[in-house]
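Reviewing the structure listed below.
Residue numbers start at 1 and run along the sequence shown. As the structure is a computational prediction, the values presented were derived from the model and not from experiment.
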Amino acid sequence: MHSSSSLSLLPLTTVRAATTPSLRSKNTRADKVSIHSSSSSSSSPSISTTTSTSSSIDTEQQQQQNRTIPHKFSYNRASPSVRWPHLKQITEKLEDPAPNSSSSSSSLPHAQVIISPPRDTKEEEETPTSDSLLDTNDETLQVLGRPKFVADVLDDRPVQMTPTDYCFLVKWVGQSSWHRAFELFEWLKLRHWYSPNARMLATILAVLGKATQEKIAVEIFNKAEPGVEDTVQVYNAMMGVYSRNGRFSKVQELLKLMKTRGCEPDLVSFNTLIHARAKSGTMLPGLAIELLSEVKRSGLRPDIITYNTLISACSRQSNLEEAVQIYDDLQASSCQSDLWTYNAMISVYGRCGMLKEAESVFQELGSIGFSPDAVTYNSLLYAFARAGNVEKVRELCEEMIQAGFGRDEMTYNTIIHMYGKQGQHDLAYQLYKDMKSAGRNPDAITYTVLIDLLGKAGKIAEAADVMSEMLDAGVKPTLRTFSALTCGYAKAGMRVEAEETFDCMVRSGVKPDHIAYSVMLDILLRSDKMKKAMVLYREMVREGFRPDQGLYEHMLQVLAKENNDNDFRTVMKDMKDVCGISFQSLTSILIRKGCHEHAAKMLRLDVNQGFEPDRENLFSIMNAYSLMGKRTEAHALLDLLREQAPESHHLISEASVVFLCKDRQVDAAIKEYNNINTNIFGFSTGSSSMYESLIKCCEETGYFADASQVYSDMKFYGIESSKDLYHCLVRIYCNLGFPETAHHLVDQAESSDLLLNDFSVYVNIIEAYGDLKQWQRAESLVGILRLRYSTVDRKVWNALINAYAASGRYEQARAVFNTMIRDGPPPTVESINGLMQALIVDERLDELYVVIQDLQDMGFKISKSTILLMLNAYARAGDIFEVKKIYHGMKAAGYLPTMHLYRSMIGLLSKAKRIRDVELMVAEMEEAGFKPDLSIFNSLLRMYTAIEDFKKSGEVYRQIVESGFKPDEDTYNTIILMYCRDHRPVEGLSLLQEMKKQGLDPKVDTYKSLISACGKQQLWEQAEDLFKGLKSRGCKLDRSVYHIMMKTYRNAGDHSKAEKLLVMMKEDGLQPTIATMHLLMVSYSSAGQPKEAEIVLRNLKSLGENLSTLPYSSVIDGYLKNGDHKLGIEKLLEMQRDGLEPDHRIWTCFIRAASLTSSTSEAMFLLSSLRDTGFELPIRLLTEKSESLVLEVDRLLMELGPLEDNAAFNFVNALEDLLWAFEHRATASWVFQLAIKRSVYRHDIFRVADKDWGADFRKLSPGAALVALTLWLDHMQDASLQGSPESPKSIVLITGTAEYNMVSLDKTLKAFLWEMGSPFLPCKTRSGLLVAKGHSLRMWLKDSPFCFDLELKDAPSLPESNSMQLNEGYFMRSGLLPVFKDIHERLGHVRPKKFARLALLSDVMRDKVIRADLQGRKEKLEKLKRTSLLKRVNKKFVR
């Protein structure tokens, strides 16, 4: 092969430098060494070196190399001087003469036309290119004459030659140049006087066969075969041609053709057949024995060549058993073993790893008359090298040298390969250099081994360098060389270079074998070059090769991925027809390779042809459909199978259940499962996979009860549970709260030899015991585990600590904690958190810091999760101080707050209505990069709604919408509550409808709030519709709903419906209580019908009810509000006669009525009636100045404080109204302060000391609010004069919008502040708020004459009339009422300062000023009209 062609064919990465053409045109030879590839791998051929008849030897390959390498290694097995150099019996006559001293090429002439037989090699032949067919080496030119052609030489021949002479001449010339021999053969055919005979035909076929010129040989044979008749030598020669290439099928065809032509095969024919079969690939077990038997059946006696060939074939397959059988048959026959036989046995023993037996045969050679030759040594050397016994290899090398054999190429190749397999690539490469320095010329085997081991080691650059050196040395790469380099490139991911190497091999005339095709096909497939891959596949098939099943599967996968249906069907057909793979097996292959769509098509085809669907295939396809979300396709496939495979209905139903489970359609899966049980109960049990899939699906979706039922069915049918299923069942029963059952399952699994050694199983059970407060059982289980295992897992200890913690058993948890410290494993953060949780559950929060300090002293670092646990505990307890302390301490320690922490903190502060803290926390959270989530927004909504800051609530709701959050039930319920409190029930109703459209269920409390709000806004129909809607939902209503509705009917004056509510309550199973009857009576009383209320009271008395003062108070209050004081007093006396003494309810009714009387005498009349019943405190407060009254009031408030119905609060409110109305305001002041002291009133009614200066007077009575207002103004005046604490920019007074006993606190305070000319104005954005600027308020407090004396004082004596008067919700000074009406009726609402100036004027002056004001307004309006008209005229003029 010329160097120029070599350089052009190999990849650029392989060829480093150009080489001398003469070096590449010369030929070389290396006998008895070959490279063979493992047929077990289709993508990475394994390269190994063998020796002599014990390894893969190929004489023809070595002869081919002999013609290409100068100074080659000559190893003629027939030369005694080479085989036994230590012997003196050297016969020169046995050596083949060398035609040229520069070339030691020699070859043994064979008596038979086949390869010299007793070798166990897999021969590799190569086809020269068209250029090499015309090459003529120096040796041939010297023999035939350099300037002359064959025809010229033969035409000038001096003697007449016989046909035998011509045969000898063709054979002799063919040893040097096959094309010269072929030219001679053609010259003979051209001579009309000569016709080549059968002997000549056999000779030229043998020459062409050795030269691997199969095509030319076939052409000659096909032309001459009809005239050959029964000449067996011709057929044997042609069989030899095929045999050299391992074309066993062609040899078989020729054997049949011989028999057809009447030519009986001889022993050479069968030996050739055996050799062809041995070379064609892997021999199946038993085939060697069968071939030997076939020879015997033909009536022939096997010779030593037959036996040696078969033993060599067994050696290549490491088939020791058959090799021994053949050897035993040889021994039993008359045929004598030779050295090649023993060499082959050494080889087979070595290949099978039986080194002692191989060495034993080697030792026995001398006793049976044989001396080991170089082949023997190399065979044994290969055996130990294969086992990696480096020391033994070295010993054998020394022994070999001492015996007179030098290290030859085979020896070097064997050791190089050994180092390569051991990964000692540097030693292998060094040995390669030593080989060259020792004068040994590396052959193709050497280079191939090096390239292979370097490629496998990932040193592809070094492998390419070796290929370049090979070309530089003039050694022609073989098939195995190209394959090794191709595989190296493939392994390194250099697929382009691998493809170029393969193409180079093909262009250089080297014919790919099965492995080469397979490797290249795999590379193209992995490179997604499907078109090239299919072209190569078709070429591979044409050459008689087939990919193995793994490669076929890869092809199917790639074709399916590219949706190449035509090629896909072609490959499928080949797999079925050639490989004999069934439809079901093809379906399995497609599933395994992920081609589920094609697998489904194949399954349909199977069913259409009458096959029942395979369980595993069907389940796999369903699983794939589930993963890809192809529900429609899955159901369509199942429906088709149900129609066409009715006998597999049960299997299909099971597949449907499994698919639905995979698709998380647990309801549909349970329904299908129930259908199976209904249809086949008692006939089939179902598969374990169906039960396991359904149980696991139920567990994942929380259908624990259904999973338990399925398991019961599984047990009923006797289906055994797997280990995984036991794990699943334990979790299920723990979630169901049945840890005892889970524990029983663990015992049952262990009794079935399914050891659940996973501690997580026991952890689940212990945790379940802990959740049920059954810490004793958890403790017992841990005790069992301690006896069973030397070391208990940390998770078990932590689970036990948590079980103790769930029951608040801190001492036991601490004992476990100490055990972990003492015996191990050491405690973790979870262990510490368990201790803390135990204290928290036991409500021992005061000990948390003690335990923390103790743990820190022991060297434990307190984690962030522990701190958060403490913080959440204090948050649940509402201890804001501790929460803030922990929070700031955590930040100081470097622990950054998490979103969960911000959520907890904001939730806690929102509940406490710490508005400023909440807003600061939200701002801090946003600065930290966190955005409020829906939970935080809901907390803000609840807070702002609770403080009735409806503007802020609306802003939060807008932020929710703008942030893209979908409002949840909590959001909607809070917003509706806000609308209700803001007296906007219509918007609340609209939001309720929107909430229902979103599929959200409003709370019952939401309905209650809407009903109450609609009732207050006199939306009677809407309130009634809401009540009916609530009942239609099937909700279980409590009495509070009926009470609210009763109040609504009361306010609407529809007393008949209120009475019907009592009937409805009884129908719903709710018996009306005294409170219910009280509401009914109050509804009558508030409607001015106390007599109706009295009738209800009589009915209650007639029923024998054990009455309290509550129903009497309703009747008495009704009479007193109507002004029927005498009837009220009569009912009081009647109550006493009924055995009931007046209590706080009766006192409150009389005091409130007295505060509203117009004259002092009427008030004293009512209070005297109380005194007559034994309660004289109110009248004494008006008439006495004793200091003992303070103690009595204080004692009374302490007594009333614990009572229900806000007894103390209502009593103080009524008392404050009375004292303020009759000008005992100093007394009202100390009573007010006593109420704050005894927590009747809040401590933060006004907050001047907190630098807030705000006040909240909601729920106070008018008198109490006026007392609080005066005290608040006094405090602010002191603060403004002293300059501390500083006032904010604006001061807010919260009055609320509710009415207290028909009195509006907002109107009352406005009237009082307007009279004083204060700077307080109504809030523009929120009702129920009065706002003043800080600076204006301070100046007013300093300069206003109304603020010169804010001290509350008692009048020297009782006034003759009430100083206050109630009108249209205003509770104002009696003298101010006509002035207030006059100003508001004539001027409307005016600013406080203007109102104060007008109120101070006399009636005449006020009338004059009001007239002037009205006249000024009129003139201003006329002026505006004239100005507007003038503008319109000017505009028209301009136009």
Side-chain angles (χ1 to χ4, degrees), residues 1108-1109 1113 1141-1155 1163-1164 1166-1250 1255-1275 1278 1300-1301 1305 1350-1358 1364:
S1108 65
T1109 60
S1113 66
E1141 290 298 325
D1143 61 2
H1144 61 89
R1145 297 188 184 97
I1146 305 300
W1147 301 339
T1148 302
C1149 289
F1150 273 88
I1151 294 172
R1152 187 187 299 121
S1155 67
M1164 297 302 289
L1166 292 173
L1167 297 178
S1168 298
S1169 63
L1170 281 182
R1171 182 183 59 189
D1172 295 341
T1173 60
F1175 185 64
E1176 58 181 7
L1177 183 61
I1179 198 169
R1180 288 180 61 198
L1181 287 172
L1182 290 178
T1183 57
E1184 297 181 10
K1185 302 295 183 181
S1186 174
E1187 294 183 359
S1188 62
L1189 289 173
V1190 178
L1191 297 176
E1192 292 182 29
V1193 173
D1194 188 34
R1195 190 183 310 112
L1196 179 62
L1197 293 182
M1198 292 177 63
E1199 293 175 0
L1200 296 179
L1203 299 181
E1204 60 182 6
D1205 298 335
N1206 292 322
F1209 185 82
N1210 292 329
F1211 175 78
V1212 173
N1213 270 345
L1215 194 59
E1216 290 290 318
D1217 286 347
L1218 176 68
L1219 295 174
W1220 185 273
F1222 291 98
E1223 299 184 8
H1224 273 53
R1225 291 166 185 173
T1227 304
S1229 175
W1230 61 258
V1231 170
F1232 182 87
Q1233 294 177 45
L1234 274 179
I1236 293 177
K1237 177 183 176 182
R1238 294 303 174 192
S1239 299
V1240 177
Y1241 290 153
R1242 301 188 314 276
H1243 291 271
D1244 59 347
I1245 287 181
F1246 44 83
R1247 302 177 296 278
V1248 179
D1250 294 339
D1256 186 354
F1257 294 164
R1258 286 176 296 180
K1259 294 188 179 180
L1260 296 180
S1261 66
L1266 292 174
V1267 172
L1269 178 62
T1270 307
L1271 294 174
W1272 180 46
L1273 293 174
D1274 186 51
H1275 279 71
D1278 292 344
Y1300 182 80
N1301 287 318
L1305 186 61
L1350 292 174
E1351 183 181 358
L1352 293 172
K1353 301 176 181 178
D1354 288 345
S1357 60
L1358 285 174
M1364 305 299 289

With heavy-atom distances below 4.5 Å as the criterion, would you say the side chains of [X] and [Y] are in contact?
X	Y	result
Leu1177	Leu1215	no
Val1240	Phe1211	no
Phe1232	Thr1227	no
Arg1238	Asp1194	yes

Any donor-acceptor pair under 3.5 Å from [X] side chain to [Y] backbone:
X	Y	value
Arg1152	Cys1149	no
Asp1354	Ala1226	yes
Asn1210	Asn1206	yes
Asp1143	Thr1109	no

Asp1256 bridged to Arg1242 by N-O distance under 4.0 Å:
yes
How are the rings of His1275 and Phe1246 set to each other: parallel, tilted or perpendicular (split at 30° and 60°)?
tilted
Give the ring-plane orientation class for Phe1209 versus Tyr1241, where under 30° counts as parallel, over 60° as perpendicular and anything between as tilted.
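It falls in the perpendicular class, over 60°.
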Please identify each residue that fulfils side-chain hydrogen bond (donor to acceptor under 3.5 Å, both in side chains) with Ser1357, with sequence neighbours left out.
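Per chain and number, Ser1357 pairs via side-chain hydrogen bond (donor to acceptor under 3.5 Å, both in side chains) with no residue.
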[atom2] on [Y] to [atom1] on [X], rounded to 0.5 Å:
X	Y	atom1	atom2	result
Glu1192	Arg1180	CD	CZ	4.0 Å
Leu1260	Asn1213	CG	CG	6.0 Å
His1224	Leu1181	NE2	CG	8.5 Å
Trp1147	Leu1167	CH2	CG	13.5 Å
Thr1173	Ile1146	OG1	CD1	9.0 Å
Ile1245	Arg1258	CD1	CZ	11.5 Å

Run the ring-ring contact (aromatic ring centres under 6.0 Å, His included) test against Phe1222 and tell me which residues pass, sequence neighbours left out.
none
Heavy-atom closest pair, residues [X] and [Y]:
X	Y	value
Leu1305	Ser1261	CD1-O, 4.1 Å
His1243	Ser1239	NE2-OG, 3.7 Å
Leu1219	Leu1182	CD2-CD2, 4.0 Å
Ile1151	Pro1178	CD1-CG, 3.7 Å
Ala1255	Trp1272	CB-CE2, 3.7 Å
Ala1163	Ala1154	CB-O, 3.7 Å

May I have the step-by-step check of side-chain contact (heavy atoms from CB on, under 4.5 Å) for Leu1170 and Ile1179, ending in yes or no?
CA-CA 9 Å; Leu1170 281 182; Ile1179 198 169; over 6 Å; no
Starting from the C-alpha separation in whole Å, work towards a yes-or-no answer on side-chain contact (heavy atoms from CB on, under 4.5 Å) for Phe1175 and Leu1196.
CA-CA 11 Å; Phe1175 185 64; Leu1196 179 62; 4.0 Å; yes
Is there a side-chain contact (heavy atoms from CB on, under 4.5 Å) between Met1164 and Leu1358? Walk through the geometry before answering.
CA-CA 11 Å; Met1164 297 302 289; Leu1358 285 174; 4.2 Å; yes
More than 12 heavy atoms of other groups within 6.0 Å of Lys1185 NZ
yes
May I have all residue pairs that pass salt bridge (Lys or Arg N to Asp or Glu O under 4.0 Å) and include part of residues 1208-1226, sequence neighbours excluded?
none
Decide side-chain contact (heavy atoms from CB on, under 4.5 Å) for Lys1353 and Ser1229; before the verdict, give the C-alpha distance in whole Å, the side-chain angles of both, and the deciding distance to 0.1 Å.
CA-CA 9 Å; Lys1353 301 176 181 178; Ser1229 175; over 6 Å; no
